[in-house]
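Scope of the values below: all heavy atoms of this structure, side chains included, with no hydrogens, waters or symmetry mates.
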Amino acid sequence: MKSVIATEKAPGAIGPYSQAIRTGNLIFVSGQLPLDPATGKFPEDIKAQTRQSLTNAKAILEAAGSGLGSVVKTTVFLSDMNDFAAMNEVYAEMFPAGGFPARSAVEVARLPKDALVEIEMIAEV
């Protein structure tokens, strides 16, 4: 059985989807744009946007009783692969020690609201 996960500590969905879905012991977090939930705005650069996207995902995971330490897979969408190193620096800081999740990182033609990054993840509860 699946259940919808939602929190006001992360931006609401900007379309017909949920922030996350829990099924069994897995949580599927929808792609998180770097929107600040308090202001609805993006930070300026790729590092700040990466941090905000991961902070949003972390808030959703916590609402589901999980956290970044339980993430098993992420997908990072970048609007410019030249931002990979800067994104990777922040990404490495945000996950707890003890092994990073499996990950894919791809460049896409365009992200919603012209974001520089969007991050989705799968975690265990």
Peer 1: Identify whether Met87 and Phe42 are in the same connected component of the hydrophobic contact network (ILVMFWY, side-chain heavy atoms under 4.5 Å).
Peer 2: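 Not linked; separate clusters.
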Peer 1: I want to check something: taking the side chain as every heavy atom from C-beta on, are Lys113 and Ile14 in contact at a cut-off of under 4.5 Å?
Peer 2: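 A side-chain contact under 4.5 Å exists here.
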Peer 1: Please answer: with hydrophobic residues joined when any side-chain heavy atoms are less than 4.5 Å apart, are Val90 and Phe84 in the same cluster?
Peer 2: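 As far as the 4.5 Å side-chain criterion goes, Phe84 and Val90 are connected within one cluster.
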Peer 1: For Glu44 and Leu116, which heavy atoms make the closest approach, and how far apart are they?
Peer 2: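 Closest pair (atom of Glu44, atom of Leu116, distance): O-CD1, 4.0 Å.
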Peer 1: Considering only heavy atoms from C-beta outward, does the side chain of Asp80 approach that of Glu107 to under 4.5 Å?
Peer 2: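 Yes, their side chains come closer than 4.5 Å.
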Peer 1: Verify, without hydrogens or angle tests, whether Gln19 (side chain) and Ser30 (backbone) share a donor-acceptor contact under 3.5 angstrom.
Peer 2: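 No, because the side chain of Gln19 does not come within donor-acceptor range (under 3.5 Å) of the backbone of Ser30.
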Peer 1: Answer with yes or no whether the hydrophobic clustering places Ile27 together with Val4; edges join I, L, V, M, F, W, Y residues whose side-chain heavy atoms lie under 4.5 Å apart.
Peer 2: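 Shared cluster, no.
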Peer 1: Any sub-3.5 Å donor-acceptor pair from Asn56's side-chain atoms to Leu33's backbone N or O?
Peer 2: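 Side chain of Asn56 to backbone of Leu33: a pair is present.
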Peer 1: Minimum heavy-atom separation for Phe95 and Pro101, please, with both atom names.
Peer 2: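 Closest approach of Phe95 to Pro101: CE2-CG, 3.8 Å.
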Peer 1: Under the criterion side chain to side chain contact (heavy atoms under 4.5 Å, CB included), I'd like the reasoning laid out for Leu68 against Leu61: C-alpha separation, chi angles, the key distance, then a yes or no.
Peer 2: CA-CA 7 Å; Leu68 291 177; Leu61 289 171; 4.0 Å; yes
Peer 1: Do Asn88 and Arg103 pass the side chain to side chain contact (heavy atoms under 4.5 Å, CB included) test, and can you show the C-alpha distance, the side-chain angles, and the key distance before you say yes or no?
Peer 2: CA-CA 11 Å; Asn88 215 33; Arg103 181 180 81 183; 2.8 Å; yes
Peer 1: Do you know which two heavy atoms are closest between Pro37 and Pro11, and how far apart they sit?
Peer 2: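 Scanning both residues, the minimum pair turns out to be CB-N, 3.8 Å.
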Peer 1: Please say yes or no: joined through hydrophobic side-chain contacts below 4.5 Å, possibly via intermediate residues, are Ile122 and Phe100 part of one cluster?
Peer 2: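 No, Ile122 does not connect to Phe100 through the hydrophobic network.
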Peer 1: Donor-acceptor pair, Gln49 side chain versus Pro34 backbone, under 3.5 Å?
Peer 2: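 Checking the backbone N and O of Pro34 against the side chain of Gln49, no donor-acceptor pair under 3.5 Å is found.
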Peer 1: Is a side-chain donor or acceptor of Arg51 paired with a backbone partner of Ser53 at a separation under 3.5 angstrom?
Peer 2: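 Not confirmed, Arg51 side chain does not pair with Ser53 backbone.
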Peer 1: Taking all non-hydrogen atoms of both residues, which atom of Ala38 and which atom of Asp36 are closest, and how far apart?
Peer 2: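 Closest pair (atom of Ala38, atom of Asp36, distance): N-OD1, 2.7 Å.
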Peer 1: On a heavy-atom basis, which atom in Val125 and which in Gly65 lie closest, and how many Å separate them?
Peer 2: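 For Val125 and Gly65, the tightest heavy-atom pair comes out as CG1-O, 4.2 Å.
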Peer 1: As an exercise, state the distance from NZ of Lys9 to OG1 of Thr55, rounded to the nearest 0.5 Å.
Peer 2: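 So the gap between those two atoms works out to 12.5 Å.
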Peer 1: State which residues pass side-chain hydrogen bond (donor to acceptor under 3.5 Å, both in side chains) with Thr74; sequence neighbours excluded, sorted by chain then number.
Peer 2: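 Only Tyr91 meet the side-chain hydrogen bond (donor to acceptor under 3.5 Å, both in side chains) criterion with Thr74.
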Peer 1: Does Phe77 form a side chain to side chain contact (heavy atoms under 4.5 Å, CB included) with Val117? I'd like the steps, not just the answer.
Peer 2: CA-CA 6 Å; Phe77 302 97; Val117 64; over 6 Å; no
Peer 1: Please check if any side-chain donor atom of Lys73 sits under 3.5 Å from a side-chain acceptor atom of Ser104, or the reverse.
Peer 2: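 Judged by distance alone, the side chains do pair up.
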Peer 1: Could you tell me whether the side chain of Leu54 reaches within less than 4.5 Å of the side chain of Glu93, counting heavy atoms only?
Peer 2: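 Glu93 does not reach Leu54 side chain to side chain.
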Peer 1: Drop me the distance from Thr50's OG1 to Asp45's CG, to the nearest 0.5 angstrom.
Peer 2: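 These two atoms lie 8.5 Å from each other.
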Peer 1: Say you draw a straight line from CG of Leu26 to CD1 of Ile21; how long is it, rounded to the nearest 0.5 Å?
Peer 2: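 CD1 of Ile21 is found 12.5 Å from CG of Leu26.
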Peer 1: Is Ser79 reaching over with its side chain to a backbone N or O of Arg110, donor-acceptor style, under 3.5 angstrom?
Peer 2: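 Pair absent, no side-chain N/O of Ser79 close to backbone of Arg110.
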Peer 1: Determine whether Met94 and Val76 fall in the same hydrophobic cluster, where Ile, Leu, Val, Met, Phe, Trp and Tyr are linked whenever their side-chain heavy atoms lie under 4.5 Å apart.
Peer 2: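 Same cluster.
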Peer 1: Identify the heavy atoms of Ile60 and Ala20 that sit nearest to each other, and give their distance.
Peer 2: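 Nearest pair, atom of Ile60 first, then Ala20: CG2-CB, 3.5 Å.
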Peer 1: Val29 and side-chain contact (heavy atoms from CB on, under 4.5 Å): which single residue from Glu120, Arg22, Lys58, Met121 fits?
Peer 2: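 Option passing the side-chain contact (heavy atoms from CB on, under 4.5 Å) with Val29: Met121.
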